[in-house]
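Nothing here was measured: the structure is a model prediction, and the numbers come from that model. Per chain, numbering begins at 1; letters A, B, ... match sequence-line order.
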Protein chains: 2
Amino acid sequence: MARFLALRIALSISAGLPLAASWAADPPPPAPAVDPAVLARIRDAAMGDDWAYQRLADLADKVGPRLSGSPQAEAAVGQVAAALKGAGLKVSLQPVKVPHWVRGAEEAELVDYPGRPAGLTQRLHLTTLGGSVATPEDGITAPVLVVQSFDELKAHAAEARGRIVVFDHPFDQFQADNGQASTAYLSGYEYRVRGASAAARLGAVAALVRSVGGADFRLPHTGVMKYDDDAPKIPSAALSAEDAMQVERLARQGPVSLHLLLRPQTLPDVDSHNVIADLPGREKPDEVVVVSGHLDSWDLAQGAIDDGAGVTSAMGAGRLLASLHLPARRTIRVIAWMNEENGSRGSQAYFEANKGQIAQQIAAIESDSGAGQPLGVMVHDTLDSVAALKPVADTLAALGANAIERRDHSVGADIEPLEHAGVPGFEPLLDVRRYFHYHHTAADTLDKVEPDNIRRQVAVLAVLAYYLAEMPEPLPRLPAEVDKPAKP
Amino acid sequence: MARFLALRIALSISAGLPLAASWAADPPPPAPAVDPAVLARIRDAAMGDDWAYQRLADLADKVGPRLSGSPQAEAAVGQVAAALKGAGLKVSLQPVKVPHWVRGAEEAELVDYPGRPAGLTQRLHLTTLGGSVATPEDGITAPVLVVQSFDELKAHAAEARGRIVVFDHPFDQFQADNGQASTAYLSGYEYRVRGASAAARLGAVAALVRSVGGADFRLPHTGVMKYDDDAPKIPSAALSAEDAMQVERLARQGPVSLHLLLRPQTLPDVDSHNVIADLPGREKPDEVVVVSGHLDSWDLAQGAIDDGAGVTSAMGAGRLLASLHLPARRTIRVIAWMNEENGSRGSQAYFEANKGQIAQQIAAIESDSGAGQPLGVMVHDTLDSVAALKPVADTLAALGANAIERRDHSVGADIEPLEHAGVPGFEPLLDVRRYFHYHHTAADTLDKVEPDNIRRQVAVLAVLAYYLAEMPEPLPRLPAEVDKPAKP
């Protein structure tokens with residue numbers, strides 16, 4: 001009821017503007033729907049505040065790795081909830097049942113290859129992929145089949161049986177350096193996620209993928225993998241790029257055999273939580289603009305860029321608006337999602353809880369592309385409402401973050417169900433050229449984050465969230481069930 | 001005897017040139033002491049040949065890590081000796097007794113720190129330093145004292161007792177990027193080598209150093225450490241830069257404790273070898289120009305840049321001159337040194353065997369700065385004989401490798417005893433801006449080596465070695481016992 005009333009007021013304000021303008025011979029420009037001075041004030045306050053970076057330092061240094069189901073993940077929930085409560089937001093914990101996959105021993109050795117000095121073996125650097133089953137307790141020893149692609153696997157289908165298939169698909173850093181980092185990533189991601197089942201269908205006993213990332217510091221990159229229902233489950237891990245290249249070089253010269261020991265465990269699901277923190281709307285408290293990042297991380301590092309930077313920047317946006325005493329027309333809801341990395345259970349739980357009143361979800365922002373310099377905003381928008389964001393772009397121009405880029409697909413893994421149900425989706429557009437150097441590796445640590453970029457990201461998120469929550473009329477909905485592949 | 005005769009011929013040729021010149025009104029330039037066409041032929045042949053790179057690939061991929069005393073080190077001796085024999089050189093193995101230090105378990109955890117969620121600990125990435133003693137079987141748990149320098153340690157001397165001292169000395173990559181990589185390295189090297197004893201003298205129970213290197217990929221850098229006689233021996237390891245920074249950040253906020261488990265072993269010395277391969281001189285076979293690199297490597301990686309690149313380039317120079325049927329006036333002796341990294345026993349053995357006839361050691365070249373692009377030659381030379389290398393520079397100008405830079409200290413760890421005894425020392429001058437990104441880490445792998453840089457390095461070494469062995473008169477000796485610190 002309150003919502004219906006508020007909507008009518010909004011419509012009348014919006015409708016009234018052209019009418020007022022028609023009274024003058026040389027009409028003044030229409031009064032802006034959201035006061036630009038307020039947007040500028042939010043931006044400038046963000047640039048003078050390190051609260052979000054301090055929260056990131058706390059999360060990274062004091063909790064550290066926080067894979068879903070781990071005690072660290074629950075410690076992160078507690079730390080973040082307390083910080084948001086202290087910042088004056090209305091905090092609640094939304095129960096989420098999450099998977100509990102635990103890395104175990106992981107070792108690999110070259111045990112035979114052309115030119116091997118008698119008795120010698122060589123250790124390979126690798127990391128088990130999230131969700132993988134284990135090898136037997138004493139491992140697997142088998143010859144390898146090295147391929148660069150699914151097509152090459154198909155061409156060698158008859159040779160896969162009994163072997164360890166190695167997908168040696170290189171990461172295209174040139175592409176990443178030139179505005180196509182996601183494309184470069186997705187190209188390798190396919191092998192990481194689907195490689196094991198593709199190999200298993202041909203009788204392979206394990207699957208190794210070359211790590212998906214561009215740096216050359218012998219870092220294995222972990223990440224989720226999935227089993228198809230029609231294939232046996234075989235163990236799967238990511239080799240460092242260097243080790244994949246070595247195996248490939250040796251295999252070109254003759255038969256190569258590996259010993260592989262991977263001992264992860266999938267334990268029973270665990271009770272966990274999304275952290276939800278509201279800044280209630282002053283006119284339409286039931287209408288919600290989500291601003292979010294994910295709280296869980298992989299287990300190899302602090303998860304400072306994936307996604308500590310995103311989640312603490314979203315927290316910083318909420319706290320900033322609270323501290324400025326700037327409640328918007330609608331509710332701004334900070335969400336620290338649980339389980340983005342290996343299950344999206346937090347995302348599902350929120351969607352399930354809200355799908356009955358999906359029209360109240362006005363917009364959803366997720367930041368999950370690291371801590372590079374913000375360049376603007378990505379908008380999932382199949383209609384053309386980019387123009388409506390001009391005041392946001394104008395405000396952010398002072399930071400060089402005024403690009404508004406349309407995407408015709410979901411822009412955030414956790415907001416994807418909302419987007420599919422018609423909620424306009426947004427993500428900060430960041431410099432991601434080096435993001436996949438560190439993504440899902442042991443090197444995703446706090447020192448990778450430039451504090452000034454967090455200030456800038458808070459500015460982008462706070463200005464955008466406030467604007468979306470303050471607009472007299474919400475942006476148009478997306479057509480429900482836009483059936484596009486999600487952003488990884 | 002033969003040597004004395006040859007020397008007289010050389011002197012008479014050299015002395016005859018000005019005399020000949022005085023006969024003409026407009027004298028032709030003196031005939032060059034070494035035919036430039038031959039030097040150019042050597043250079044060009046090197047640029048068309050990948051034999052050295054193939055040897056590097058064999059060494060890196062098929063043997064891999066080869067720390068002194070390991071079976072891998074002996075496999076490397078066998079592989080390299082066979083390759084040099086196959087290339088037509090006269091190969092011998094010089095016995096060397098080497099230390100046998102073996103890395104064991106190495107783990108560290110933050111077990112207490114300000115803001116620690118109850119029950120949680122965090123794993124630190126580190127690697128034991130070569131030569132370190134072990135912790136007790138169940139490790140050490142102790143509070144840390146973080147310092148940036150020996151001066152700061154002194155200022156906090158009273159706080160060191162019972163603690164784990166962490167030397168958080170950052171690597172100056174800006175300096176490394178601007179022509180001072182060795183200076184940047186030596187600045188941290190001091191803490192790696194001497195930190196443990198400095199801390200132990202104050203009662204510390206262990207010493208950790210921030211890794212000496214410039215990249216930010218959470219790689220611990222190993223390397224040798226040494227104990228002073230007047231200090232208790234305490235365990236010592238290198239943290240990755242990221243982990244050192246985390247410990248420092250936390251320690252700024254309050255007490256931090258670590259659990260540290262390092263279980264290396266020092267086993268009895270092992271019989272090993274320098275590989276020596278001669279291309280006998282056509283006139284003065286007893287006079288020797290050494291061209292060398294070291295065969296041993298640290299145990300974390302393939303040792304492709306340290307010093308696979310150097311040793312195989314030296315091998316390539318010898319093989320190239322053999323294949324061109326270009327015996328020089330003097331013997332060119334390829335040496336693959338054993339045990340440069342943690343003892344220099346190969347260097348000592350060669351010096352001991354030759355010190356009685358040290359005058360026959362005419363010049364010594366060592367390449368041990370990786371696989372960057374060659375820019376010229378470094379000359380250890382307290383007199384001014386740089387001008388004598390002009391024909392070498394002229395020949396290498398086509399490769400942009402014509403810088404001849406004087407150094408007033410030893411230019412190679414293995415040739416240092418020779419240099420101290422008066423033998424002129426040389427090292428290729430390479431682009432080392434990224435050398436310390438990989439040095440002594442798990443990422444020192446074959447892919448870091450650009451094959452073209454190996455061709456160029458072979459060209460530099462072959463032209464220089466041939467020139468030094470062919471000059472009618474050798475370069476002037478260094479003053480014996482130039483007492484300067486060695487290059488690390």
Which portion of Q79(A) sits near chain B, non-hydrogen atoms under 4.5 angstrom
neither
Considering residues, nucleotides and ligands other than R263(A), do more than 12 of their heavy atoms fall under 6.0 Å from its CZ?
yes
Checking A60(B) against chain A: side chain, backbone, both or neither under 4.5 Å from a heavy atom?
backbone
Determine which residues belonging to residues 62-75 of chain A lie within contact range of chain B, meaning some heavy atom pair is under 4.5 Å apart, and list them by number or answer 'none'.
K62(A), V63(A), G64(A), P65(A), P71(A), Q72(A), A75(A)
Contact leader toward chain B among G119(A), S240(A), P117(A), where contacts are heavy-atom pairs under 4.5 Å
P117(A)
With a 4.5 angstrom heavy-atom cut-off, could you sort out which part of H125(A) is near chain B: side chain, backbone, both or neither?
side chain
How close do R434(A) and D216(B) get, heavy atom to heavy atom, and via which atoms?
NH2-OD1, 3.8 Å
Applying side-chain contact (heavy atoms from CB on, under 4.5 Å), run through H437(A) and F217(B) and close with a yes or a no.
CA-CA 9 Å; H437(A) 283 18; F217(B) 290 88; 3.8 Å; yes
Okay, A57(A) and chain B: the region with an atom under 4.5 Å from a heavy atom over there is neither
Test salt bridge (Lys or Arg N to Asp or Glu O under 4.0 Å), reference R249(B), set D447(A), D61(A), D58(A), output is D61(A)
Begin with the C-alpha distance, continue with both residues' side-chain angles, and end with the deciding distance and a verdict on side-chain contact (heavy atoms from CB on, under 4.5 Å) for Q302(B) and Q246(A).
CA-CA 10 Å; Q302(B) 295 181 331; Q246(A) 185 187 8; 3.3 Å; yes
